[in-house]
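Written below as structure tokens is the structure these notes are about.
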Amino acid sequence: VSLIDGHCHLANLNDVLSLEPLLAEARAKGIERFLSSALTKSEIQYHLEHEHQGVLFSAGIHPNFDDCDLELCEIKQLCDNRQIWAVGEIGLDRYNPDLDWQKDILIRQLEQAAEHSLPVVLHLIGFQQQAYEILKRFPLKYLVHSYAGSLDGFNLLCRLDSAYTISERILRPDKIGLLKAIVSHGSFLWETDITKYYVHPEESNPLLRLLNTFTLTSGITGVAESELLQMQDDTYNKLTEVTP
Ligand SMILES: [Zn+2]
């Protein structure tokens, strides 16, 4: 197998566990590529100073994360310098009551992505209709991270050029319909969404959780592992190919 962790926070994780040995072990077990999301100045700094084999990073102003200290000019600079593979994670989150600010900062970042022809990593908790109304004005490649909302919301987002990351959250019995819909849609990666906040005590390498998510997806949907891996590879190549 050659797996891709389609959404993780590696610089953030590095605060509590030294990253290089974790990546080496993950690679040896078949997890070879990582799309890391940076949400603070120090996480960006980390990624700029440490190039790890197989790791690309994105950056964005998150709709609902208090520690996010990024400003629009920093996102713009990273785009200008082609240092990020995508803008994000950005989006809308129903747990932040200030919807006007969320919409404004989302639109400004989508404009940056459009100007530089970069994909966008989306964080969408609720507000699917409002998000869709904004996103449809920007014909970009979208990676919707850890989507766990309604099937109606999923179908709406599928009108965009959208791919999804499959997390542990939709391997539960009540989310089987959504998991199957994502797999039939055919554009997906798996993810851990790992941060330093989610590491369990006694857990030596949380990156390895991805192996279980992959195996369970095949078990639950009945789709062969080889077929799932092919869809994963096609999705990754399409998302990361550089558009002139
Ligand atoms: Zn995340």
Side-chain angles (χ1 to χ4, degrees), residues 3-17 19 22-23 26 31 33-47 52 54-70 74-75 78 84-96 102 105-106 109-110 113 118-128 131 135 141-149 153-154 157 162-171 175 178 182 188-200 203 205-210 213-214 232 235-236 239-240:
L3 286 165
I4 299 156
D5 191 339
H7 189 91
C8 47
H9 295 266
L10 296 182
N12 178 282
L13 180 65
N14 185 67
D15 280 353
V16 295
L17 291 170
L19 204 51
L22 302 188
L23 288 171
I31 308 165
R33 285 169 290 179
F34 301 82
L35 297 176
S36 182
S37 168
L39 299 172
T40 66
K41 294 178 200 291
S42 69
E43 289 169 17
I44 288 172
Q45 198 60 34
Y46 176 86
H47 278 298
H52 296 289
V55 175
L56 299 176
F57 82 101
S58 64
I61 302 172
H62 192 283
N64 189 27
F65 178 54
D66 285 343
D67 291 347
C68 182
D69 58 359
L70 300 180
E74 292 169 292
I75 308 300
L78 290 162
I84 47 178
W85 82 271
V87 174
E89 58 192 283
I90 62 175
L92 300 177
D93 188 322
R94 67 164 175 246
Y95 295 108
N96 179 352
Q102 292 189 66
I105 202 67
L106 171 61
Q109 294 181 96
L110 290 168
L118 283 173
V120 169
V121 178
L122 289 172
H123 166 106
L124 297 175
I125 309 286
F127 293 138
Q128 286 124 10
L135 299 169
K141 289 187 277 189
Y142 292 103
L143 179 60
V144 186
H145 125 72
S146 197
Y147 181 79
F154 171 73
L157 295 170
S162 54
Y164 300 81
T165 51
I166 295 171
S167 70
E168 284 172 348
R169 295 165 68 200
I170 61 163
L171 301 177
K175 291 290 176 190
L178 177 63
I182 291 176
F188 60 85
L189 307 170
W190 290 277
E191 66 152 61
T192 59
D193 197 17
I194 192 67
T195 65
K196 64 182 172 188
Y197 316 109
Y198 300 155
V199 179
H200 303 144
E203 187 178 28
N205 190 347
L207 299 178
L208 303 183
R209 291 183 200 175
L210 198 75
T213 308
F214 162 62
Q232 170 204 241
T235 302
Y236 181 87
L239 277 169
T240 58

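For ligands, and for the atoms within them, numbers begin at 1 and follow the listed sequence. The chain is numbered in sequence order, starting from 1.
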State whether His123 contributes an N/O/S atom found under 2.8 Å from the Zn ion (ligand 1).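 It does not; every qualifying atom lies at 2.8 Å or beyond.
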request  = Verify the distance test for Cys8 against the Zn ion (ligand 1): any N/O/S atom under 2.8 Å, yes or no.
outcome  =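 Coordinating: no.
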With rounding to 10 degrees, His7 NE2, the Zn ion (ligand 1) and His9 NE2 define an angle of 100°
_Working to 10°, measure the angle at the Zn ion (ligand 1) formed by atom OE2 of Glu89 and atom OD1 of Asp193._
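Between OE2 of Glu89 and OD1 of Asp193, the angle at the Zn ion (ligand 1) is about 170°.
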Should the ring pair [X] and [Y] be called parallel, tilted or perpendicular, given that the plane angle runs from 0 to 90° and is split at 30 and 60?
{"X": "Phe214", "Y": "Trp190", "answer": "perpendicular"}
{"X": "Tyr147", "Y": "Tyr164", "answer": "perpendicular"}
{"X": "Phe65", "Y": "Tyr197", "answer": "perpendicular"}

Q.
Is it true that, when you exclude Asp67 itself, more than 12 heavy atoms of the residues, nucleotides or ligands shown sit nearer than 6.0 Å to its CG?
A. yes
